[in-house]
There are 2 protein chains.
Amino acid sequence: MNAVHHHDHDQGAKLSRNQSQILSCLRKAGEPLSAYTILDRVRVSGISHPPTVYRALNELMQKGMVHRLQTRSAFIACGHGACDGKFAFAICRQCQKVVEIPLSDEDQTALLAFSPEEIDAEQVTLELAGVCQQCRPRAAV
Amino acid sequence: MNAVHHHDHDQGAKLSRNQSQILSCLRKAGEPLSAYTILDRVRVSGISHPPTVYRALNELMQKGMVHRLQTRSAFIACGHGACDGKFAFAICRQCQKVVEIPLSDEDQTALLAFSPEEIDAEQVTLELAGVCQQCRPRAAV
DNA sequence: CTCCTCTTGTTATGTTATATCATCGCCTAT
DNA sequence: ATAGGCGATGATATAACATAACAAGAGGAG
């Protein structure tokens, strides 16, 4: 085994040094970060080149521990640790807060059903944008 | 009126010279193009800088005549001309073919309903990836 | 003619992502 | 022990995508 051994909340996954660094950076952040923002924050740990960050992110995404927000070109730690679930995302336009929405098998089936016969869809990307409660202008209260 | 007058199939919208160039480029292509691919193709028409392309694309998107595919960083002409509809997209991973999926009000409502109370979602981005009939490996035929 | 405004041109730069090759450290088989 | 394999990492360079900021043209209104 070539991965670093440690006793974090990594739920059984074996992560390499860089993967751990970058995952914990994302977890600390608690919000989506761009790859280059991650790079800035892990520079102190000795990571200093974009490919290093993208490599780790891709591996973490494969493991289901990180998700990519397509509408933001940003990455966020999975709130469920390592899991093979599928998610949609709701994103606040103002504060960037992200809510992970687990998609049940039925949800996925329903979403894939939007596809015409012509294309046999397998993969869903669903992102919702709006304004969260904190950022919402209060009218009458 | 400051837009170019012409008798294309532009369905009543008044498009500027650059907007027309770029829209017809996208229509000819019939597939999603990156902004820089568009730039290459309209260079012959005298357009030679990225901002010119992005400006026209943004204006065309506002008019609903062009859509952006977030999962591809690409742009495609709306198959419905000028319209204020909302769409999902199904995309073939192999040949890049795109099918525009009109979303009814009910569809949109259903999709926005995925959002938790916490976030008041207004905007849907739904893209489905798969393989189209032509590209699909035939098993028994 | 002059001002205003819309459109376009141009330069420069910022941001996101990947291809490619070099190196390191560890394990294992001989 | 040491050579070779292999996964992880380091490093350089560049590709691909996008926008900020300012200059300049063309045409209409007054």
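Every chain is numbered from 1, with letters handed out A, B, ... down the list of sequences.
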TODO: Assess whether one donor atom and one acceptor atom, taken from the side chain of B:Tyr54 and the base of D:dA20, lie less than 3.5 Å apart.
DONE: no

Open item on the list: Under 4.0 Å between a side-chain nitrogen and a carboxylate oxygen: does that hold for B:Glu127 and B:Arg72?
Closed with: no

Task: Length of the line joining A:Gln21:CD and D:dA8:P, which is rounded to integer Å - done: 16 Å

Open item on the list: What residues from residues 44-53 of chain B pass a heavy-atom cutoff of under 4.0 Å to DNA chain D?
Closed with: B:Pro50, B:Pro51

Task: Pairwise side-chain contact, A:Ile47 with A:Ile22, heavy-atom cut-off 4.5 Å (strictly under) - done: yes

Open item on the list: Looking at B:Asn18, I'd like to know whether one of its side-chain N or O atoms comes within less than 4.0 Å of OP1 or OP2 on C:dG9.
Closed with: yes

Task: Integer-rounded Å distance: D:dT9 C1' and A:Arg43 CZ - done: 16 Å

TODO: Return the set of residues passing salt bridge (Lys or Arg N to Asp or Glu O under 4.0 Å) with A:Glu31 (not counting sequence neighbours), or none when no residue passes.
DONE: none

Task: Whole-Å distance separating the CD atom of A:Gln70 from the C1' atom of C:dT16 - done: 13 Å

- [ ] Starting at atom CG of B:Leu33, determine the distance to atom P of D:dA16, rounded to an integer number of angstrom.
- [x] 15 Å

Open item on the list: Tell me if the aromatic rings of A:His67 and A:Phe75 count as close, with their centers under 6.0 Å from one another.
Closed with: no

- [ ] For A:Arg55 and for A:Ser34, locate the closest nucleotide of DNA chain C by heavy-atom distance; then report the residue assigned to the nucleotide nearer the 5' terminus.
- [x] A:Ser34

- [ ] Return yes if a side-chain donor-acceptor contact under 3.5 Å exists between A:Gln94 and A:Arg136, otherwise no.
- [x] no

TODO: Whole angstrom is fine here: how far is it from CG in B:Leu69 over to P in D:dA18?
DONE: 11 Å

Extract all donor-acceptor atom pairs below 3.5 Å that involve side chains of residues 54-61 of chain B and protein atoms in other chains or at least two apart in sequence.
residue, atom, partner, partner atom, Å
B:Asn58, ND2, B:Tyr54, O, 3.1
B:Glu59, OE1, B:Gln19, NE2, 2.6

Open item on the list: Please report the distance, rounded to the nearest Å, between CG in B:Leu39 and P in D:dA15.
Closed with: 16 Å

Task: C:dA17 base / A:Tyr36 side chain donor-acceptor hit below 3.5 Å - done: yes

- [ ] Starting from the first five and the last five pairs of the helix from C:dC1-D:dG30 to C:dT30-D:dA1, work out the angle between the resulting helix axes, to 10 degrees.
- [x] 0°

Open item on the list: Using heavy-atom distances to pick each residue's nearest nucleotide on DNA chain D, tell me which of A:Gln19 and B:Ala74 is more 5'.
Closed with: A:Gln19

- [ ] Write down the distance between CG (B:Leu15) and C1' (C:dC6), rounded to a whole number of angstrom.
- [x] 15 Å

Task: Nearest listed nucleotide, side chain of A:Arg17, among C:dG9, C:dA17, D:dG10 - done: D:dG10

TODO: Would you check, one step at a time, whether the test side-chain contact (heavy atoms from CB on, under 4.5 Å) holds for A:Leu69 with A:Val98?
DONE: CA-CA 9 Å; A:Leu69 300 175; A:Val98 173; 3.6 Å; yes

Open item on the list: If we count only N and O atoms by modelled type, under 3.5 Å, do the side chains of B:Ser45 and B:Gln21 hold a donor and an acceptor together?
Closed with: yes

- [ ] Enumerate the residue pairs fulfilling side-chain hydrogen bond (donor to acceptor under 3.5 Å, both in side chains) with a member in residues 105-114 of chain A, sequence neighbours excluded, ordered by first and then second residue.
- [x] A:Ser104-A:Glu106, A:Ser104-A:Asp107

Task: Closest to side chain of A:Ser16, choosing from D:dG10, D:dC17, D:dA8 - done: D:dA8

Open item on the list: Assuming nearest nucleotide by heavy-atom distance, tell me which of A:Glu59 and B:Arg72 is located more 5' along DNA chain D.
Closed with: A:Glu59

Task: Under the salt bridge (Lys or Arg N to Asp or Glu O under 4.0 Å) test, residues paired with A:Lys97 that sit two or more places apart - done: B:Glu118

TODO: Could you check how far CD of A:Gln62 sits from C1' of D:dA8, rounded to whole Å?
DONE: 15 Å

